[in-house]
Q: 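Below is a structure I'd like to ask you about.
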Amino acid sequence: MKKIIYAFMLTAFVVVACQKENVSETKNANANGTSGSITRFASHNNYLYALDQNKIKVYDIANGASPTLVNTVITDYGLETITVYDGTIFIGSRTALYILDITNPASPVILSKTEREGELAGGCDPVAVKNNYAFSTVKIIENVCGVINTSSRLLVYDVTDKNNPVLVNEYNMNIPNGLGYKDNTLFVCDEGSDVIMMFDITNPVNTSFSSTFPLTDPVDLIVDGNKMVVSTKTGFSFYDITDLNNIQPKGTIEIH
Amino acid sequence: MVEQKKGIHVFEVSDTANPVNLTFIRIPAVNDFTINGNTMFADNGPNMVSIDISNIFQVQVLATIPNSFQPYLFPPLYNGFFECANPQKGVVVEWVDTMLVEAQCSVN
């Protein structure tokens, strides 16, 4: 019997699928974790990549009882989110999108650092990658009497050439947060508008707004096959996304 | 809502219409975590911790590596004044909006 466990905290979460082998609650199986997009840790091939402000720390975690720091890659300050896709690391920082090659997993090599133009304090750039395109949301915040600048947006990069990503599309958003996709639908949390935005990414260069469904203060999301879980500022909501034209809300967990 | 930096909630969701709250793994000053096999890796203030989660109800700390992470001594996603954090007093776990007199630190 397949048992699915989601491990959460309010700002980062992971989906784990385990094989339940007997009726007790002891789990024996190997589990692969799928993270939300807003996270500073990523593991791949028994290596852990952890972001520490201006450093990418690489740990050999083949033996969980003795994780070993094997490398540190220095970058500009402001590293915020990390995701691993197709053996490549994508990092969102306050000013740029970094792409790193991990053909040698203990020695990441920076392939590119693509800076955004003329920003103030860019916040929290989660990245989702599908084939040759990277999708990232950017929150731009000015503390002018608490006004949040409206240049927050969704960015679409062509990353066919990892040494030279090209910005191909942008879409203004209110307060965007985490994102993820199933097939040709990109889901993006918009905390400012209290919705999950859905975009058609069949042709990413022409990423177009598709529809929304309401959810108060969404923060991050994980797509796991036909299920989606969204974290909010107060808890988690589950959805059946088997039919993208008829998304079914399932249960909700509130955590105060 | 202020970010919680207290620990990891664990839920069983094979039936997403009825999630079951299983347990809570307390990790002070935690910000992020990931899972590799049966091991969870998380930050714990300046430390990295690895935790055996093969029995989710009786997790075991496997290793604690000090001096892994630099402290964030300023509030995230904020421009303005704040009270300077003193790392000698411990680890910053929360920032609270309040009135300050003669605040010495700022981000802009």
Side-chain angles (χ1 to χ4, degrees), chain A residues 1-12 14-16 25-33 35 39-43 46 48 50-55 57 59 61 64-67 69 120-121 123-124 139 141-144 217 227 229 233-234 236 238-240 250-253 255-256, chain B residues 1-25 27 30-43 46 48-58 60-63 65 68-72 76-81 107-108:
Chain A
M1 178 196 302
K2 191 171 183 187
K3 189 162 186 167
I4 299 177
I5 295 178
Y6 293 77
F8 299 119
M9 51 180 293
L10 283 176
T11 56
V14 173
V15 164
V16 169
E25 293 293 351
T26 303
K27 313 288 181 287
N28 295 325
N30 283 327
N32 291 316
S35 291
T39 179
R40 290 183 299 148
F41 288 8
S43 57
N46 284 325
L48 172 68
L51 302 185
D52 182 26
Q53 299 196 38
N54 68 330
K55 303 182 178 71
K57 303 183 87 155
Y59 295 85
I61 57 170
S66 56
L69 180 69
L120 300 172
C124 197
K139 270 198 291 282
I141 295 177
E142 292 181 58
N143 192 29
V144 179
D217 290 335
K227 297 182 205 248
V229 55
K233 283 187 162 178
T234 56
F236 303 89
F238 298 88
Y239 299 87
D240 180 334
K250 291 293 192 182
T252 297
I253 299 167
I255 301 169
H256 300 290
Chain B
M1 171 169 172
V2 177
E3 286 184 48
Q4 301 294 321
K5 296 190 181 177
K6 299 188 170 65
I8 315 281
H9 294 275
V10 184
F11 298 87
E12 200 269 318
V13 210
S14 45
D15 174 7
T16 55
N18 298 295
V20 178
N21 188 348
L22 292 181
T23 187
F24 180 74
I25 302 169
I27 306 177
V30 64
N31 290 300
D32 270 296
F33 72 98
T34 193
I35 296 174
N36 189 55
N38 281 322
T39 308
M40 174 184 286
F41 298 88
D43 64 337
M48 161 86 80
V49 294
S50 61
I51 301 168
D52 182 330
I53 58 166
S54 42
N55 181 344
I56 201 71
F57 297 103
Q58 288 187 350
Q60 311 265 357
V61 176
L62 295 171
I65 305 174
S68 296
F69 301 105
Q70 306 169 74
Y72 279 90
L77 295 178
Y78 173 77
N79 289 321
F81 290 96
V107 179
N108 56 24

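Both backbone and side-chain heavy atoms feed into the values below; hydrogens, waters and symmetry mates do not.
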Q: So which part of A:L48 gets closer than 4.5 Å to some heavy atom of chain B, the side chain, the backbone, both or neither?
A: side chain
Q: For A:D217, which atoms come within 4.5 Å of any heavy atom of chain B: side chain, backbone, both, or neither?
A: neither
Q: Which distance, rounded to the nearest 0.5 Å, do you find between the NZ of A:K227 and the OG1 of B:T16?
A: 4.5 Å
Q: When heavy-atom pairs shorter than 4.5 Å are enumerated against chain A, which of B:T39, B:I65, B:I51, B:V20 gives the highest number?
A: B:I65
Q: Under a 4.5 Å heavy-atom cut-off, does chain B meet the side chain of A:Y59, its backbone, both or neither?
A: side chain
Q: Give the intermediate values and the outcome of side-chain contact (heavy atoms from CB on, under 4.5 Å) for residues B:H9 and A:I253.
A: CA-CA 11 Å; B:H9 294 275; A:I253 299 167; over 6 Å; no
Q: Please classify the contact between B:S68 and chain A as side chain, backbone, both or neither, with a heavy-atom cut-off of under 4.5 Å.
A: both
Q: Could you give me the CA-CA distance, side-chain angles and deciding distance for A:L69 and B:M48, then say whether side-chain contact (heavy atoms from CB on, under 4.5 Å) is met?
A: CA-CA 11 Å; A:L69 180 69; B:M48 161 86 80; over 6 Å; no
Q: Minimum heavy-atom separation for B:F69 to A:A50, with atom names?
A: CE2-CB, 3.9 Å
Q: Shortest non-hydrogen contact from A:S35 to B:T34?
A: OG-OG1, 4.0 Å
Q: Just wondering, do B:P19 and A:F238 contact through their side chains at under 4.5 Å, heavy atoms?
A: yes
Q: Could you tell me which portion of B:D43 (side chain, backbone, both or neither) has an atom closer than 4.5 angstrom to a non-hydrogen atom of chain A?
A: both
Q: Counting only N and O atoms by type, is there a donor-acceptor contact under 3.5 Å from the side chain of A:Q53 to the main-chain atoms of B:Q70?
A: yes
Q: Of all the heavy-atom pairs spanning A:P67 and B:A63, show the shortest one and how long it is.
A: CD-CB, 3.7 Å
Q: Rounded to the nearest 0.5 Å, what's the gap from CZ on B:F11 to CD1 on A:I255? Could you check?
A: 4.0 Å
